[in-house]
Undergrad: 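What follows is a structure written as structure tokens; I'll ask about it next.
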Amino acid sequence: SVETGLEIKAVAKQRYTLGAAGNVVMNLVSLGVKRVNVFGVVGNDLFGRELLQLLGKHRNISTKGLLVQSKDWNTHVYSKPYLADRELNRIDFGRFNSMQKSTADALAGRIERAVSSSDVVIINEQFASGIHDSGYFRELLRRLIRKHPGTTFILDSRHYSDAYDGTIRKINEIEAARLCGLNRSPEDKVTYPEAVNYADKLWKQWKKPLFLTRGDRGCFVRDAKCRHEIPGLLITGRTDTVGSGDSMLAGVSAALASGASPVEAATFGNFTAGV
């Protein structure tokens, strides 16, 4: 750079894809779901506009529930620079967001208007600095869930799995261990008896169907009847597991929306994640 004397990092090409809850949405569309209403908050920035454009390409998707907050909010982006095929340090946007009370009120209102006509409401939380970081919004959502006991709500949350009573949970075994008061890292192996214990304990606590995923070892389904085991899939060759949890969530939700039982939904979700 002439102005600074610093080395320039030249970009050969760039690509934008929907991630996190956006990935769940695209999986639902790929599975043939005819109508997906999307709710959330984006910033008044180029990433927010690109996100809306990517979602808007699909007539099955309604983005009327996506709000733009211009102040104190950046669209969540995982920016991954690559040098040849080597991934460099990630650059994240949206790590310092703060949702305004007016935004939370408007978002909750739009969600509530859609609940009565929805087969399933998916609550997907993957960012500590996202909409669920607002205690005010979490309380609005809890009230909405209590107000609609006949609606199926399914929760997949990295940071607030215990925040929303009345929801069906989809969690992995490491998250389950933490919810049971144990400090486990993502690299730890959870044994079969441990996973059984977590599923039973969390069922007694929540009294709602629970999907406990175990990676290539399949998953457990715990409901009022008993605990069911869905075996893992034998997939040969190299696999990329990134996004498999989102695929599982989409498959389970689509099946539940079609009237499938929790065991049928888990089986379908397991195959979806395998793909």
Side-chain angles (χ1 to χ4, degrees), residues 16-78 93-94 97-127 129-134 136-157 160 164 166-168 246-247 249-254 256-258:
Y16 299 95
T17 58
L18 293 161
N23 191 36
V24 178
V25 170
M26 295 311 300
N27 278 310
L28 291 167
V29 172
S30 297
L31 287 168
V33 175
K34 295 294 176 64
R35 186 68 172 175
V36 183
N37 298 306
V38 181
F39 302 90
V41 180
V42 298
N44 183 20
D45 49 44
L46 66 92
F47 295 121
R49 291 187 284 276
E50 181 68 19
L51 186 149
L52 287 166
Q53 183 177 349
L54 288 172
L55 290 171
K57 292 179 179 179
H58 303 271
R59 57 184 177 82
N60 308 53
I61 301 171
S62 170
T63 59
K64 293 179 180 179
L66 273 178
L67 304 178
V68 178
Q69 180 176 300
S70 298
K71 185 180 179 182
D72 298 326
W73 198 276
N74 290 310
T75 304
H76 287 95
V77 177
Y78 283 173
F93 296 81
N97 288 338
S98 177
M99 187 160 66
Q100 297 167 355
K101 184 174 178 291
S102 58
T103 304
D105 287 331
L107 181 60
R110 295 193 185 191
I111 295 170
E112 182 162 17
R113 285 192 287 274
V115 164
S116 59
S117 60
S118 299
D119 296 301
V120 166
V121 177
I122 302 171
I123 304 170
N124 185 228
E125 181 272 322
Q126 299 190 33
F127 300 104
S129 56
I131 60 177
H132 299 274
D133 194 40
S134 164
Y136 179 72
F137 176 73
R138 291 199 303 274
E139 179 55 32
L140 291 177
L141 193 51
R142 280 193 289 266
R143 291 178 191 172
L144 196 154
I145 293 168
R146 290 194 295 267
K147 189 175 177 180
H148 297 272
T151 300
T152 298
F153 290 85
I154 181 166
L155 171 68
D156 186 3
S157 173
Y160 300 105
Y164 298 110
T167 61
I168 295 171
D246 295 339
S247 302
L249 176 62
V252 166
S253 301
L256 290 175
S258 320

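Positions are given from 1 along the sequence.
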Undergrad: Side-chain contact, heavy-atom cut-off 4.5 Å: Met99 with Tyr136?
TA: no
Undergrad: Supply the atom-to-atom distance Asp119 CG to Ser253 OG, rounded to the nearest 0.5 angstrom.
TA: 11.0 Å
Undergrad: What heavy-atom pair brings Leu31 and Ala254 nearest, and what distance separates the two atoms?
TA: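 Scanning both residues, the minimum pair turns out to be CD1-CB, 4.3 Å.
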Undergrad: What pair of heavy atoms forms the shortest contact from Leu66 to Phe39, and how long is it?
TA: CD2-C, 4.0 Å
Undergrad: Of Tyr16, Phe93, Phe127, which meets ring-ring contact (aromatic ring centres under 6.0 Å, His included) against Tyr78?
TA: Phe127
Undergrad: Evaluate the side-chain proximity of Arg49 to Asn44: yes if any heavy-atom separation is below 4.5 Å, no if none is.
TA: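 They are in contact (side-chain heavy atoms under 4.5 Å apart), so the answer is yes.
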Undergrad: Should Asn37 and Arg110 count as side-chain neighbours, where that means a heavy-atom distance under 4.5 Å?
TA: no
Undergrad: Before giving the answer on side-chain contact (heavy atoms from CB on, under 4.5 Å), spell out for Ile123 and His132 the whole-Å C-alpha distance, their side-chain angles and the decisive distance to 0.1 Å.
TA: CA-CA 10 Å; Ile123 304 170; His132 299 274; 3.4 Å; yes
Undergrad: Using a 3.5 Å distance criterion without hydrogens, assess whether the side chain of Asn97 forms a donor-acceptor pair with backbone atoms of Asn74.
TA: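 Yes, because the side chain of Asn97 sits within donor-acceptor range (under 3.5 Å) of the backbone of Asn74.
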Undergrad: Answer yes when Arg146 and Glu139 have at least one side-chain N-carboxylate O distance shorter than 4.0 Å, and no when they do not.
TA: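 Salt bridge between Arg146 and Glu139, a charged N being under 4.0 Å from a carboxylate O: yes.
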Undergrad: Tell me, do Ile168 and Leu256 make a side-chain contact under 4.5 Å, heavy atoms counted?
TA: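 They are in side-chain contact.
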Undergrad: Show the nearest heavy-atom pair for residues Val42 and Gly48, with the distance to one decimal.
TA: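 Minimum heavy-atom contact is CB-CA, 4.1 Å.
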Undergrad: Would you name the heavy atoms of Asn60 and Val33 that are closest together and state the gap between them?
TA: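 Reported closest heavy-atom pair: ND2-O, 3.2 Å.
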Undergrad: Just wondering, do Leu51 and Leu18 contact through their side chains at under 4.5 Å, heavy atoms?
TA: yes
Undergrad: Which atoms form the tightest heavy-atom contact between Glu125 and Ser157, and what is the distance?
TA: OE1-OG, 2.5 Å
Undergrad: How long is the span from the OG1 atom in Thr63 to the CG atom in Leu55, to the nearest 0.5 Å?
TA: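 Rounded to the nearest 0.5 Å, the OG1-CG separation comes to 6.5 Å.
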Undergrad: Please test Lys147 against Glu112 for side-chain contact (heavy atoms from CB on, under 4.5 Å), starting from the C-alpha separation and ending with a verdict.
TA: CA-CA 10 Å; Lys147 189 175 177 180; Glu112 182 162 17; 2.7 Å; yes
Undergrad: Looking at CZ of Arg35 and CZ of Arg59, how far apart are the two atoms once the value is rounded to the nearest 0.5 Å?
TA: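 So the CZ of Arg35 and the CZ of Arg59 are separated by 10.5 Å.
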Undergrad: Which atom pairs, one a donor and one an acceptor, fall under 3.5 Å between side chains of residues 20-29 and the rest of the protein, sequence neighbours left out?
TA:
unit_1: Asn23; atom_1: ND2; unit_2: Asp246; atom_2: OD2; d: 3.1
unit_1: Asn27; atom_1: ND2; unit_2: Asn23; atom_2: O; d: 3.0

Undergrad: Measure the NE2-OG distance between His58 and Ser30 for me, rounded to the nearest 0.5 Å.
TA: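 Reported value, rounded in 0.5 Å steps: 8.0 Å.
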Undergrad: Please answer whether the main-chain N or O of Gly94 pairs with a side-chain N or O of Ser129 as donor and acceptor at a distance below 3.5 Å.
TA: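 Present.
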Undergrad: Shortest non-hydrogen contact from Ser118 to Val121?
TA: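 It is CB-CG2, 4.2 Å.
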Undergrad: Taking side-chain contact (heavy atoms from CB on, under 4.5 Å) as the criterion, tell me which of Asp105, Ile131, Thr103 meets it with Phe137.
TA: Ile131
